[in-house]
Every structure is written in C-alpha cells, then in structure tokens.
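Keep in mind that the numbers below use all heavy atoms, side chains included, and drop hydrogens, waters and symmetry copies.
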Amino acid sequence: VKILLKNGEVASSQGTNKVDVLIEDGKIVKVSDEIEQDGVEVIDCSEKLILPGAIDVHVHFREPGESYKEDWESGSSAAAAGGVTTVFDMPNNKPPIVTLEALEKKREIIKGRSYVNYGLYMGFNGKNLDEVNKAKGIAGVKMYCAHSTGGMGVGEKDIEKLIAGVAEDKHVVVHAEDEACIDKLRKEYLVEFEGREKEIPVSLHSKIRSKECGVKMVEHICELAKKYQQPVHICHVSSEEELDVISRYREFGVTCEVCPHHLSFSVDDYEYYGAFIKMNPPVRDKMDVFGLWKSLKMGMVDVIATDHAPHAIVEKELPGLEPPSGVPGVEMMLPIMLHGVNNDALEIGEVVWLCSENPARLWGLNSKGKVEEGFDADVVVVDMEIERKFDREDVVSKCKWSPYAGGTYQGWPIVTIVGGEVVFRDGKIVGTARGEEVF
Ligand code: DOR
Ligand code: ZN
C-alpha cells in the first residue's frame, strides 16, 4: 500500500512544518514539499496536523482471564480510534504474567488480533527474578509495591531484590504506593464502618491511599535506583510532591509518567462520578491537578500514559469500596491533550514529545515516535478544529463507559495509520488487525 498525506502540517517536538508525507510498505519513505506521485492513495490533510502515532506505555487489555472487561480487538480498536498506534500491556492478568510460560501463552493469545503495535510487560512477584531476567522481547518488568487490581503487590524486602538484581536490558516500571502506609490509614478510616462496609463513601479511597503514601514509596524507589544505579520508571504519578522527589534523582535514570485521569479529576468529582473515578493511585485535590499541568509545562514529566484499566459497569456500581480500581482512557489521551493545546495549556510540540517522541526514545524504539523519512508509518492525522461532545455511545472500549463521557473536547484524531495501513478513519475501524509486537 502507498499512501500520500497531502497538504498537512507535520508536528514534532520542534514545532510544525508544512510538508507532504509519502508512505510505502509500512515505512515513511519521503517527507518534503509538494510530493507528486501516481498510484497512491491520497489523503487530503489540508488544515490538519500530522502527528507520529501516540505510544501508550501503560494499558490493561485484560487478556487472558478477563475478556469480559476488554479484549485485544476492543482495546486495540479503542487505541486506534484515539490515535494511539503502540501500546504496552501490563501483566496483572488472570493468571498473572509472572512466568515465561504465561508470557508465551499471552503472546499466542494476542497474535493477529491487535489493530495497533504492542509490547508486553512481565510481572515481578518477589520469587521470579530469574525468569524475569531470562524473558526476551518484553517492554519491561512491572513491580507493584502495593496491592492493586490483580493483587500483585510485593513485600518490602522483595522491592529491593528486583532493583538490586534485575538484568541490565530490562526496563523496570513501578507502581509506587506504600502498602504499610495504606494499611495504617485504612484501619484508621474504616474502624467506624465496621459491620456496615457498604456505607463507606468512595471518597475515602483517596484518603486511605493518600498522597503521602505515594511520596513515601517514590522516595524509597528513588533511593534504591541511586543505590544500585538502576534506572526506574515510576508509573502514574499523581502529585507535584512526587515529581519534586523524582526531579532530584534524574541523574540515576528515574523517569515518570502522568495519566490523563489525574489531569482531569479531583476528589471534588467523587460526588458526581462515584466509583467511576476510583483508581490507584487515586484522584487528588484540585490543587494537585493544577500542579500536574504546571509540571507538564515545566518539563518535569517524561511521558503521558493512560493506565487504561476498564472494568464492567456492574462492578463499578458495587457499594462502598468494593468497586475495582481503574478507569479506561486509551481512546481519550490524545483528545484530552489536544484540547489542552487548544486551550493554551501546552504546545503541540510538547504533546508530541510526551505522547510519542519521548516514549519511543525511553523504550529504545528507534524507528518510532517521529514523522521522518525511514521511520515506521505509525501516524495520526488530527483536526484541531473539531469540537465534539464525547458520549457514552462513542466509547470503543468494551466496558462501554468512560469518565470522560459527557465532556466536550476540541481536537480529534480523524485518521490513524498503523504500519502503513489505515486502521481508523471518520469514526470507524476500517483496517485489519495487523499490529506487531515491537520488542
Ligand atoms: O486503578 C488501577 N487499575 N490501578 C492499578 O494499579 C491497576 C489497574 C487495573 O488493572 O485495573
Ligand atoms: Zn496500571
């Protein structure tokens, strides 16, 4: 297939440039003024921006084991619809991906079913360091320092074990909340609800899994990164305090991600959304949301990632603190960021850096993250003018709900190209599931 993107403006971290883009055999083969070529499909991109497809380093597509919440066709369709052309999937499946055998089985399950490119993480459970170190072709190894959905939290001593002994070629990514700190607060806050757990207000979730418990573990992880000279990526940072800590450990290779939901919701929103904004780490105060936007602007955040974590509506409607933590988001990451650009919160170049260029750079995907000659043809065409309300009926994810539903956003993906083929266009998935494993 040959595709010519005509009359658009290519965006990179350096700004925008009015050039045509020629795509052939899955690659970007030419980027220059006024390309004319016969025998190609021409996509008119006048008044549109051409971005490198977003790379979401943190999703949960729920296979194997929980395909009623999401499966690879639905999850990767949601990604494609949102202009995300590569995803890295987490290991908290059923069974958890903590053995090489489970990893291979997962690979088999996914093969030929993904509309976008993908990488897979393996999970560390405190006992499988050897197997983790032997794994080939993975996005990295995930460690949960506290229990979250999937119950993969590891004990205090095991945290150090991984950072001390992980193989050099492995990317370590960490869920940094302090379990003991959370347990203590849980006891304090919940004692008065003994015997009437169903009455616990869901807003207590943010008090129990407090910001301080997050900061505490981020500090610990950073110290370990320094002690063992081991780079670590901290997932879903929810406050400026955590970013302040991280900024002091940059030289030891500590990096971090921020999620759209922490940029969108605060504890004030529990009243309206209830458990539909319950996630780990939880939403924080309004000032923290503001602080995260400010930190993005200041360059203190490495990547935006969604932690796309769908659950069934019936599960989210359970009483008290019973609803599982997690919200979907992969299809709304770019619209939220583009809306931010339209409202002067960020420049388009900053969005490309956070969503495409830097994730590609940090994970060593040298042929992704830029619209340049020789790069993979993972591209998204966006229309910065379209202003549209996102309704529940629009949700592509199998969970069929979204905390962003009801909101109006300006700036939307209109064409998504994965490996040189159009997979999403004018609101519909049109291609075949040709996504490839990238590591
Ligand atoms: O909110 C969350 N949901 N946080 C996690 O750590 C896991 C995720 C999930 O898998 O549902
Ligand atoms: Zn997650």
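- The sulfur atoms (SG) of C181 and C213 lie less than 2.5 Å from each other.
- The side chain to side chain donor-acceptor pair (under 3.5 Å) check on K398 picks up D71, with sequence neighbours excluded.
- To the nearest 0.5 Å, the span separating CE on M122 from CZ on F124 amounts to 10.5 Å.
- The shortest side-chain heavy-atom distance between F88 and V438 falls under the 4.5 Å cut-off.
- With sequence neighbours excluded, the residues that form a salt bridge (charged side-chain N to carboxylate O under 4.0 Å, His left out) with E177 are R209.
- Salt bridge status for E385 with K48: absent, with no side-chain N to carboxylate O gap under 4.0 Å.
- Between N133 and A167 the shortest heavy-atom distance is OD1-N, 2.7 Å.
- Rounded to the nearest 0.5 Å, atoms CG (L338) and CG (L51) are 6.5 Å apart.
- Closest heavy-atom contact between V57 and P359: CG1-CB, 3.9 Å.
- To the nearest 0.5 Å, the span separating CZ on R248 from SG on C222 amounts to 8.0 Å.
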* Audit row: E160, Y228, side-chain hydrogen bond (donor to acceptor under 3.5 Å, both in side chains) steps and yes/no -> CA-CA 9 Å; E160 183 154 359; Y228 294 101; 2.5 Å; yes
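- For the pair D178 (side chain) and A180 (backbone), a donor-acceptor distance under 3.5 Å is present.
- Separation of the H175 and H236 ring centroids falls under the 6.0 Å cut-off.
- Side-chain atoms of F390 and M332, non-hydrogen and from C-beta on, do get closer than 4.5 Å to each other.
- Q14 CD: 12 or fewer foreign heavy atoms inside a 6.0 Å radius.
- Using modelled atom types, one side-chain atom of D44 and one backbone atom of S46 make a donor-acceptor pair closer than 3.5 Å.
- Under the 3.5 Å distance criterion, with hydrogens and angles disregarded, a donor-acceptor pair is assigned to the side chains of E70 and S397.
- For the pair I163 and I221, the minimum side-chain heavy-atom distance is below 4.5 Å.
- Panel note: side chain E350, backbone E347; a donor-acceptor pair is recorded below 3.5 Å.
- Residue F290 places its CZ atom among 12 or fewer non-hydrogen atoms of other residues, nucleotides or ligands, all under 6.0 Å distant.
- K27 contributes no side-chain N or O that, together with a main-chain N or O of A377, makes up a donor-acceptor pair within less than 3.5 Å.
- Each of I3, I28, V1 was checked for a side-chain contact (heavy atoms from CB on, under 4.5 Å) with I417, and the lone residue meeting it is I3.
- A salt bridge between D378 and K368 is present, with a side-chain N of the basic residue lying under 4.0 Å from a carboxylate O of the acidic one.
- Ring orientation note: the planes of W363 and H233 are nearly perpendicular, at an angle over 60° on the 30°/60° scale.
- Smallest separation of non-hydrogen atoms from V423 and T432: CG1-O, 4.1 Å.
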* Decide yes or no on side chain to side chain contact (heavy atoms under 4.5 Å, CB included) for W293 and L346, but give the supporting numbers first. => CA-CA 9 Å; W293 278 104; L346 289 174; 4.1 Å; yes
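- Under the 3.5 Å distance criterion, the side-chain polar atoms of S238 are left unmatched by any main-chain donor or acceptor of P281.
- Atom CH2 of W353 and atom NZ of K370 lie 8.0 Å apart (nearest 0.5 Å).
- Contact record, S325 with T149: O-OG1, 2.9 Å, taken as the closest heavy-atom pair.
- N93 places a side-chain N or O within 3.5 Å of a backbone atom of E63 that can act as its donor or acceptor partner.
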* Asked: Would T255 and D302 count as a side-chain hydrogen bond (donor to acceptor under 3.5 Å, both in side chains) if you check the C-alpha gap in whole Å, the side-chain angles of each, and the deciding distance to 0.1 Å?
  -> CA-CA 6 Å; T255 60; D302 298 279; 4.7 Å; no
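- D89 and H60 form no side-chain donor-acceptor contact under 3.5 Å, judged by distance and modelled atom types alone.
- Salt bridge annotation for R392-D394: absent, with no cationic side-chain nitrogen under 4.0 angstrom from a carboxylate oxygen.
- Looking at heavy atoms from C-beta onward, M217 lies out of side-chain contact with E179 at the 4.5 angstrom threshold.
- P323 and K278 make their closest contact through O-NZ, 2.7 Å (heavy atoms, listed as atom of the first residue, atom of the second, distance).
- No side-chain donor-acceptor contact under 3.5 Å links S239 and R284.
- Taking a cutoff of 4.0 Å between a charged side-chain nitrogen and a carboxylate oxygen, K69 and E315 qualify as a salt bridge.
- Here E9 does not pair with K18 in a salt bridge; the nearest charged N to carboxylate O distance is not below 4.0 Å.
- You'll find the side chain of V141 stays beyond 4.5 Å of the side chain of H171, heavy atoms only.
- Results of the side-chain contact (heavy atoms from CB on, under 4.5 Å) test with V327 over P403, S264, P310 single out P403 as the only residue that passes.
- The heavy-atom pair separating V381 from L5 by the smallest distance is CG2-CD2, 4.4 Å.
- Here the NZ-CG distance, from K294 to D288, works out to 10.5 Å after rounding to the nearest 0.5 Å.
- Ion pair K216/E242 not flagged as a salt bridge, since none of the NZ, NE, NH1 or NH2 atoms sits closer than 4.0 Å to an Asp/Glu carboxylate oxygen.
- Between the CG atom of L334 and the NE2 atom of H339 there is a distance of 14.0 Å, given to the nearest 0.5 Å.
- Within the 3.5 Å criterion, the main-chain N or O of T306 finds a donor-acceptor partner in the side chain of D56.
- Judged by distance alone, the side chain of E357 and the main-chain N or O of L354 form no donor-acceptor pair under 3.5 Å.
- The pair E373-K30 does not meet the salt-bridge criterion, since no charged nitrogen lies less than 4.0 angstrom from a carboxylate oxygen.
- Residues W72 and Y115 keep their aromatic ring centres 6.0 Å or farther apart.
- Under the 4.5 Å side-chain criterion, counting only non-hydrogen atoms from C-beta, V245 is not in contact with E241.
- Although no hydrogens or angles enter the test, the distance criterion places a donor-acceptor pair under 3.5 Å between the side chain of W401 and the main chain of H311.
- The aromatic rings of F252 and Y249 sit tilted relative to each other, their planes meeting at an angle between 30° and 60°.
- Applying the 6.0 Å contact sphere to CG of D244 captures more than 12 heavy atoms from other residues, nucleotides or ligands.
- Using bins of under 30°, 30° to 60° and over 60° for the plane-to-plane angle, the ring pair F265/Y273 lands in the perpendicular bin.
- The salt bridge (Lys or Arg N to Asp or Glu O under 4.0 Å) pairs that include a residue from residues 414-434 are E41-R425, E421-R434, where partners are two or more places apart or lie in different chains.
- Between K211 and D285, no side-chain nitrogen of the basic residue sits less than 4.0 Å from a carboxylate oxygen of the acidic one, so the salt-bridge criterion is not met.
- A distance below 6.0 Å separates the ring centres of H308 and F61.
- Between the side chains of E331 and Y404, no donor N or O sits under 3.5 Å from an acceptor N or O.
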* To do: I would like to know whether S206 and Y270 meet side-chain hydrogen bond (donor to acceptor under 3.5 Å, both in side chains); could you show each step before the answer?
  => CA-CA 10 Å; S206 287; Y270 276 124; 2.7 Å; yes
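- Judged by distance alone, with hydrogens and angles left aside, the side-chain atoms of K316 form a donor-acceptor pair with the main-chain N or O of P324 at under 3.5 Å.
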